[in-house]
Amino acid sequence: MKGLDMLLSSSVGTSGAQRPLGILAALPEELGDLLDAMRAGSGVQTVTHGRREYHVGSVHGVRCVVTLARIGKVAAAATVSALIHAFNIEAIVFAGVAGGVGRAVKIGDIVVSDALLQHDLDASPLFPRFEVPLLGIARFAADPALAAQLAAACERFVAQEGAALAARFGTQMPRVHRGLVISGDQFVASAAAVEALRDAQPDALAVEMEGAAIAQVCYEYGVPCAVVRTISDTADDHAPASFESFLSEIAGTYSTGILQRFLQDFANTRG
Ligand code: SAH
C-alpha cells in the first residue's frame with residue numbers, strides 16, 4: 001500500500017492532475033500489446049492491491065491504470081471497486097472476448113455494448129427476474145459517448161485491418177455490432193444453453209462473464225463505462241475449442257488494434 005499511497009499522492013491524485021482512465025480485461029491475451037506500449041512510452045509503475053496488479057502509466061497519450069480482473073462477476077466487481085477507490089479513475093473501458101448469441105453475430109465480429117444485464121440473476125418472485133434487488137434495474141447502460149468513441153475505433157480498425165484479419169485467420173470480414181451484452185458466472189457452451197439465453201433475452205448479442213457486474217458498480221458510483229467484446233465462439237458445443245484458439249491466436253490482435261485507436265482518439269478529444 002505504500003507504493004499505492006505514493007502514486008495517489010503524486011501522479012494519479014485528485015488535485016489538479018487529470019484522473020486516469022481504467023482499462024480492464026479478464027485475461028492477459030485480451031490486453032493485446034497495451035502493457036508493452038505503456039512500458040515503451042511512459043514506463044509502468046505496478047502496484048499490487050487485493051491480489052491484482054495495477055499498472056499505472058501513460059499509453060497512446062492517455063494516463064491509464066491497466067489491470068486484469070480475472071474471470072467472473074465477483075472478480076470484475078471487486079477490481080472495478082478498487083479502480084474507483086484506490087486509483088480514482090475517471091472512466092472504465094473493458095476489452096475482451098465473448099460468445100456470440102445474436103444470430104447475425106459471427107466469430108471475429110466485434111460487439112460494443114449499449115446495455116448490460118446479468119442473465120443469471122433471479123430473485124423472483126420477490127423481484128422481477130434479472131432485476132438487481134433493491135436497485136430496480138436489470139439493464140445498465142454503457143456511457144453513450146464512451147461507447148460511441150469505442151465503436152468508432154472498432155469501425156476504423158475493421159476498415160483498416162478487417163480484410164487482412166479475415167484472410168489471416170480464415171474468418172469472414174468482421175462486422176461491428178452495438179447492443180445488449182449479457183453476463184453470468186457460466187461459460188456458455190451448448191446449443192441448448194445459448195438457445196435458452198436467446199429465448200430469455202431476444203436482443204442479446206453476446207454473452208460473457210464480467211461486463212454487467214462492471215456496469216452495475218459503475219452505475220452505483222456514477223463512473224462512465226464501456227465494454228467491447230470480440231466474438232471468440234458462438235456459445236455452443238464448439239465453444240471451448242473455439243474460445244481457446246481464438247484467445248491464444250487472435251484476441252490480442254483485436255485488442256491491440258482497437259485500444260490503440262480508441263486511446264489515440266480519446267487523447268485528442270480530451271485535449
Ligand atoms: N479457460 C479459461 C477460462 C475462460 S472463461 C481459463 O482457464 O483461463 C471465458 C472468458 O471469456 C470469460 O472471461 C468470459 O467473459 C469470456 N467468454 C468467452 N466466451 C464465452 C462464453 N461462451 N460464455 C461465457 N463467457 C465467455
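Just follow the structure's listing: the first ligand is 1, and inside any ligand the first atom is 1. Every value quoted in this text rests on a predicted model; they were computed, and no experiment measured them. When reading the values below, keep in mind they use all heavy atoms of this one structure, side chains included, and skip hydrogens, waters and symmetry mates.
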Aromatic centroids of Phe262 and Phe157 separated by under 6.0 Å:
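That pair fails the under 6.0 Å test.
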Compute the centroid of each ring, for His60 and then for Phe266, and state whether the two points are separated by less than 6.0 Å.
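No, the ring of His60 stays outside the 6.0 Å limit from the ring of Phe266, centre to centre.
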Test: salt bridge (charged side-chain N to carboxylate O under 4.0 Å, His left out). Region: residues 234-255. Which pairs qualify, not counting sequence neighbours?
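Sorted result for residues 234-255: empty, none.
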Applying a heavy-atom distance cut-off of 4.0 Å, which protein residues contact ligand 1?
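Ligand 1 pocket, heavy atoms under 4.0 Å: Ala26, Leu27, Ile71, Val97, Ala98, Gly99, Gln186, Phe187, Val188, Val207, Glu208, Met209, Glu210, Arg229, Ser232, Asp233, Ala235, Phe243, Glu244.
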Is a side-chain donor-acceptor pair under 3.5 Å present for Thr79 with Arg52?
yes
Among all residues two or more places apart in sequence or in another chain, which pass the salt bridge (Lys or Arg N to Asp or Glu O under 4.0 Å) test with Asp203?
Arg139
Donor-acceptor pairs are to be reported for all side-chain atoms of residues 32-41 against protein atoms at under 3.5 Å, with residues two or more places apart or in another chain.
residue	atom	partner	partner atom	Å
Asp36	OD1	Arg39	NH1	3.1

